[in-house]
Amino acid sequence: MPGAIMSDDGSFVPFQLRDGTTVCIRTVRPEDSRLIAEGFEHLSPRSRYFRFLSGMQKIPDVLMQRLTHIDHHDHEAIGVLDTSGDHDVPAAVARYIRDEGDPDKAEIAITVADDYQRRGLGMLLIAVLVALAQGEGIRTFAATVQRENRKMLSLLKRFGSVRLPVQGGDVIHLEFPLHQHAEDYPDEKVQQSVLQAQEIGRSLHPSA
Amino acid sequence: MSVITKAHVRGATSQPLLNLTIPDALSEAAAKWPDQDAVVSVHQGLRWTYAQLKDKAQALAVGLHKLGIGKGDRVGIWAPNLAEWTLTQFATAQLGAILVNVNPAYRVFELEFALNKVGLKTLVCPRAYKTSEYAAMVEDLAPEIRGLANGAELEAAALPHLKHVVLIDDDPRPGWLAFDDLCQTPEATDLQRVREITSGLAADDPINIQFTSGTTGLPKGATLSHRNILNNGYAVGRNIGLREGDRLCIPVPLYHCFGMVMGNLGCLTHGAAMVYPAPTFDPEATLRAIETERCTGLYGVPTMFIAELGLPNFSSFNLSSLRTGCMAGSPCPVEVMKQVVEDMHMKDVTIAYGMTETSPVSFQSTGDDPIELRVATIGRVLPHIECKIVDENDKTVPPGVPGELCTKGYSVMIGYWGDEEKTAEVLDRDGWMHTGDLATIDEVGYGNIVGRIKDMIIRGGENIYPREIEEFLFTHPDVEDVAVLGVPDTTYGEEVCAWIRLKSGSALTPEELKDFCDGKIARYKIPHYLEFVDELPMTVTGKIRKVEIREAMVERLGLTAAKTA
């Protein structure tokens with residue numbers, strides 16, 4: 001990736017959440033299907049439903065393939081691991097995938113494990129995706145969010161999202177523009193996250 | 001009529017709201033109309049006047065009180081349309097005990113959740129009706145009932161709050177109290193004690209819980225007060241021109257607001273008779289009851305009117321006593337409304353729109369509305385209620401523009417029982433209930449329903465929640481993923497459709513999966529269209545797109561829906 005700075009061991013960026021938990025952020029690799037499956041196992045049914053709009057109890061193989069094979073260009077995905085304990089715990093995954101019909105636009109999907117919610121991870125991850133996507137010429141992020149997912153709806157609103165007109169059905173489609181300058185985002189915390197994320201984005205070393 | 005510039009309407013407030021409890025309203029009715037028919041159960045051959053209804057309600061209240069039922073206790077009624085249903089409604093109200101409506105079509109899966117969610121203390125049900133073996137189902141959940149000694153309180157592992165089970169039946173059953181035994185003529189002192197309890201009740205007290213659902217598939221208990229439902233019943237009755245001596249045919253289920261609020265409480269507050277043709281909907285029984293009881297009004301969901309009008313011997317029934325009524329519960333086809341007016345004599349028939357969470361009616365047409373508006377709109381906002389249409393950013397839209405209908409006023413529920421978070425999701429801080437229905441309000445205040453933004457199907461007037469069915473289907477070991485949704489249907493308005501991805505190697509057939517459902521969930525929830533697919537349509541990041549499934553089904557099967565109000 002242009003402008004990437006390798007971290008010390010060339011793989012992940014350590015980071016501290018606002019409550020002091022140390023986590024590591026890195027891009028998703030094909031062998032991460034185990035971690036993603038583990039993370040999915042620990043998601044509450046409600047969180048699973050919000051992510052996939054399905055009550056599925058396991059991620060099907062075909063979908064798992066797609067989720068773990070990223071090209072860092074049309075499809076980027078970052079994972080967060082809690083490395084504070086004796087084994088790595090998957091805490092979150094966030095991705096963007098470029099729209100086939102509109103190359104300036106990408107759909108995002110964020111999942112934060114229930115135990116790791118409310119610590120600022122969601123905002124940070126969206127900001128990191130913004131940083132990585134801008135390097136790929138993406139100008140708009142789109143999201144499909146279930147109406148009852150208030151946390152995600154308000155998070156996206158802080159990034160300046162607008163809701164597309166209601167058409168029926170209980171999912172809401174939102175979009176927000178990716179700004180060149182952090183201060184163009186409407187929310188101060190978001191501005192800070194965006195600056196922080198630009199640093200993180202630069203340190204992430206994409207595999208392959 | 002004044003013209004509005006924003007889709008925000010307020011009902012008239014010239015006549016004050018009723019500030020009464022339900023038992024007070026019953027006492028008033030018994031005083032005003034003692035000898036008028038109150039409850040007529042045609043299929044049970046039973047007839048009670050208002051004076052009798054009041055006496056019986058108080059007697060049963062004493063019976064319940066002696067079991068230890070008090071204000072705020074939850075008492076469940078799980079039955080089709082019986083006189084005892086209504087008696088339980090009015091008896092629990094005397095004590096301020098909260099009546100919990102249990103849908104007779106529930107099966108074990110749904111029953112256990114609902115009973116425990118609200119901590120039900122007592123359950124009243126008949127032994128059986130058609131294929132529903134109520135008593136047996138309860139005993140399946142709580143086998144401890146079978147060994148229960150006379151007068152002892154139940155201690156059931158699966159239903160920890162349940163203390164008593166009461167059976168409506170001619171024959172006794174071990175472990176069950178007999179409904180008739182609880183209705184014995186009370187001692188004066190016991191009656192006095194109950195009357196004292198009644199006088200201590202407040203109109204804002206919760207008095208009813210009905211279940212609706214949401215995303216995670218778990219039902220929510222919408223909790224309503226005396227004030228909520230008594231006023232709404234009164235307002236609806238007024239809109240249909242209900243008056244003393246009128247006789248309202250109620251084929252709609254009592255366990256939904258249409259029956260127990262618009263029907264029972266509508267009649268109570270206007271001195272009209274509640275006529276029950278059959279335990280469950282039966283088109284012939286309905287028309288026969290209208291004829292023999294000289295009913296002046298008829299309620300129904302669109303599917304019921306369609307069935308009645310479609311009877312081969314329809315014209316043999318004398319429906320000349322009919323004058324008024326209401327069609328509600330799901331979007332009302334304009335053509336059916338026209339037929340109801342012309343062929344069923346119901347010149348004053350109205351359409352009403354609402355939801356359980358708003359007690360239920362927000363919009364209703366009235367006999368004054370010109371016929372074109374009466375058959376093709378949901379009418380105007382009820383007195384003392386405020387409604388607005390908002391866009392995706394919660395801003396009120398101009399008249400005629402579609403958006404989400406929001407309701408505010410006395411009719412908004414207290415909340416979902418034990419579910420503050422879920423309540424806050426639909427009831428905002430300014431007191432607006434977000435209905436999840438897409439609607440328009442025109443320049444002079446007439447409303448139309450144009451769509452739905454909640455994941456819900458209305459089939460024959462019954463609300464069905466796809467998430468509930470999806471969660472149930474996942475309990476089959478071969479099911480790997482499932483999407484349930486509604487598709488248009490000319491008879492039922494919508495039909496249930498399920499697309500399923502099976503685990504690889506499974507030899508399951510759709511028939512086998514339907515068999516798996518049979519008896520475990522309510523019959524109307526079993527998907528009519530059940531298809532096994534290789535993959536479900538998704539967004540690039542893997543989120544299921546139900547809208548694509550609906551489009552595919554509509555196109556492939558040529559499904560259509562009638563034009564509705």
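Every chain is numbered from 1, with letters handed out A, B, ... down the list of sequences.
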**Prompt:** Hey, which of B:Val479, B:Val450, B:Ile544 has the most heavy atom pairs under 4.5 Å with chain A?
**Reply:**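 The candidate making the most pairs under 4.5 Å is B:Ile544.
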
**Request:** Please determine, among B:Leu536, B:Ile453, B:Val426, B:Leu485, the option with the most heavy-atom pairs under 4.5 Å with chain A.
**Result:**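 Of the options given, most contacts go to B:Ile453.
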
Ion pair check, [X] and [Y], cut-off under 4.0 Å:
X        : Y        : answer
B:Arg556 : B:Glu531 : yes
B:Arg501 : B:Glu535 : no
B:Lys454 : B:Asp437 : yes

**Prompt:** Do A:His42 and A:Asp115 have a side chain donor and acceptor closer than 3.5 Å?
**Reply:**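 Judged by distance alone, the side chains do not pair up.
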
**Asked** So, for B:Phe472 and B:Phe516, is the gap between ring centers shorter than 6.0 Å?
**Response**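 That pair passes the under 6.0 Å test.
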
In terms of heavy-atom proximity below 4.5 Å to chain A, should [X] be classed as side chain, backbone, both, or neither?
X        : value
B:Lys546 : side chain
B:Glu480 : both
B:Val540 : both

**Request:** Pick whichever of A:Val62, A:Leu164, A:Leu53, A:Val162 has the most heavy-atom pairs under 4.5 Å with chain B.
**Result:**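 Maximum pair count with chain B is reached by A:Leu53.
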
**Prompt:** Has the side chain of A:Asp99 got a donor or acceptor atom that lies under 3.5 Å from a matching backbone atom of A:Gly101?
**Reply:**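 Yes, because the side chain of A:Asp99 sits within donor-acceptor range (under 3.5 Å) of the backbone of A:Gly101.
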
**Request:** Side chain from CB out, backbone as N, CA, C, O: work out which of these in A:Leu67 comes under 4.5 Å of a heavy atom of chain B, or both, or neither.
**Result:**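 Looking at A:Leu67, just its side chain touches chain B.
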
**Request:** With a 4.5 angstrom heavy-atom cut-off, could you sort out which part of A:Arg51 is near chain B: side chain, backbone, both or neither?
**Result:**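 Contact with chain B is through both the backbone and side chain of A:Arg51.
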
